[in-house]
Amino acid sequence: EVQLQAFGGGLVQAGGSLRLSCAASGAIGEDFAIGWIRQAPGKEREGVSCLHSSTGSTYSADPVKGRMTISSDNTKNTVYLQMDGLKPEDTAVYFCVVGPWIMYYDCIEYGFPWVYWGQGTLVTVSS
């Protein structure tokens with residue numbers, strides 16, 4: 001069974017930075033997508049950033065491009081989300097997710113079939 005443990009959320013002022021971490025364990029396989037999605041109060045979940053395990057290709061949603069960067073440390077089975085220039089609209093619960101890599105279906109797209117979910121970590125950005 002795959003387990004994802006996400007941490008690193010917190011309260012930060014607008015313009016500040018946070019780094020989220022997600023430690024993965026279990027039989028994930030070799031060709032998969034891993035990333036972050038978020039859900040703000042009263043809003044639908046949206047993809048934030050994700051990467052393809054085999055190629056290292058990364059994908060980011062337009063609202064976070066240039067501000068948030070996903071990376072991974074394969075030796076630690078950990079994926080990170082470096083968040084800079086945070087805005088109040090970034091306030092949300094952030095979930096680490098893993099799913100099968102699907103050719104011609106970007107993992108950042110709405111409705112991507114994520115299979116495994118972490119417990120979520122709250123990011124609050126004050127104005």
Side-chain angles (χ1 to χ4, degrees):
E1 181 180 351
V2 174
Q3 291 189 332
L4 304 171
Q5 284 192 309
F7 48 94
L11 173 63
V12 64
Q13 289 188 334
S17 298
L18 282 174
R19 187 176 82 156
L20 305 183
S21 301
C22 174
S25 62
I28 298 177
E30 294 185 355
D31 191 35
F32 57 89
I34 186 167
W36 298 88
I37 65 171
R38 67 185 181 184
Q39 185 164 23
K43 295 187 178 181
E44 289 189 351
R45 289 172 181 163
E46 63 174 347
V48 177
S49 193
C50 54
L51 64 83
H52 183 194
S53 65
S54 296
T55 64
S57 297
T58 61
Y59 305 81
S60 293
D62 287 342
V64 307
K65 282 181 180 177
R67 300 189 298 117
M68 297 188 186
T69 304
I70 190 170
S71 62
S72 66
D73 183 340
N74 294 334
T75 64
K76 297 180 180 179
N77 290 334
T78 300
V79 65
Y80 305 96
L81 184 68
Q82 178 64 42
M83 305 187 294
D84 300 314
L86 283 163
K87 304 176 181 179
E89 51 263 43
D90 294 320
T91 294
V93 177
Y94 286 70
F95 298 90
C96 177
V97 287
V98 168
W101 182 255
I102 302 173
M103 194 173 292
Y104 307 123
Y105 192 168
D106 289 345
C107 52
I108 201 64
E109 292 182 20
Y110 178 82
F112 187 85
W114 299 108
V115 176
Y116 301 104
W117 295 65
Q119 80 279 14
T121 184
L122 176 62
V123 172
T124 303
V125 185
S126 63
S127 56

Is the terminal nitrogen or CZ of R38 (NZ for Lys, CZ for Arg) located under 6.0 angstrom from the six-membered ring centre of F95 and within 45° of that ring's axis? no

Short question: side chain of T121, backbone of G9 - any donor-acceptor pair under 3.5 Å? yes

According to a 4.5 Å side-chain heavy-atom criterion applied to Ile, Leu, Val, Met, Phe, Trp and Tyr, with indirect links allowed, do W36 and V115 form part of one hydrophobic cluster? yes

Would you find a donor on one side and an acceptor on the other, under 3.5 Å apart, between the side chain of T58 and the backbone of I70? no

Would the distance check show the side chain of S72 and the main-chain N or O of N74 forming a donor-acceptor pair, the cut-off being under 3.5 Å? no

Consider only side-chain heavy atoms of I, L, V, M, F, W and Y, link residues closer than 4.5 Å, and tell whether Y116 and V97 are in one cluster. no

Under 3.5 Å, is there a donor-acceptor pair between the side chain of S53 and the main chain of E30? yes

Let me confirm one number: the CD-CG distance from Q82 to L18, rounded to the nearest 0.5 Å. 8.5 Å

Using distance alone, with no hydrogens and no angle criterion, decide if D84 and S17 have a side-chain donor and acceptor under 3.5 Å apart. yes

S60 side-chain N/O to S49 backbone N/O, donor-acceptor pair under 3.5 Å: no

Does C96 reach the side chain of W117, with side-chain heavy atoms less than 4.5 Å apart? no

Hey, which of C22, C50, S71 is the one that makes side chain to side chain contact (heavy atoms under 4.5 Å, CB included) with V79? C22

Please state whether the rings of Y105 and F112 are parallel, tilted or perpendicular, taking 30° and 60° as the class boundaries. perpendicular

Do side-chain atoms of T78 reach the backbone of K76 as a donor and acceptor pair under 3.5 angstrom? yes

Rounded distance (nearest 0.5 Å) linking atom CD of E44 with atom CD1 of I37: 11.5 Å

Is the backbone N or O of I108 less than 3.5 Å from a side-chain atom of D106, with the two atoms forming a donor-acceptor pair by type? no

Between the side chain of R45 and the main-chain N/O of Q39, is any donor-acceptor distance below 3.5 Å? no

Donor-acceptor pair, side chain of Q3 and main chain of A24, under 3.5 angstrom: no

Pair D90 + K87, salt bridge at N-O below 4.0 Å: no

Contact check, side chains of S25 and N77, non-hydrogen atoms, under 4.5 Å: no

Any donor-acceptor pair under 3.5 Å linking the side-chain atoms of R19 with those of Y80? no

Is it the case that over 12 heavy atoms from other parts of the model lie below 6.0 angstrom from the CD atom of Q5? no

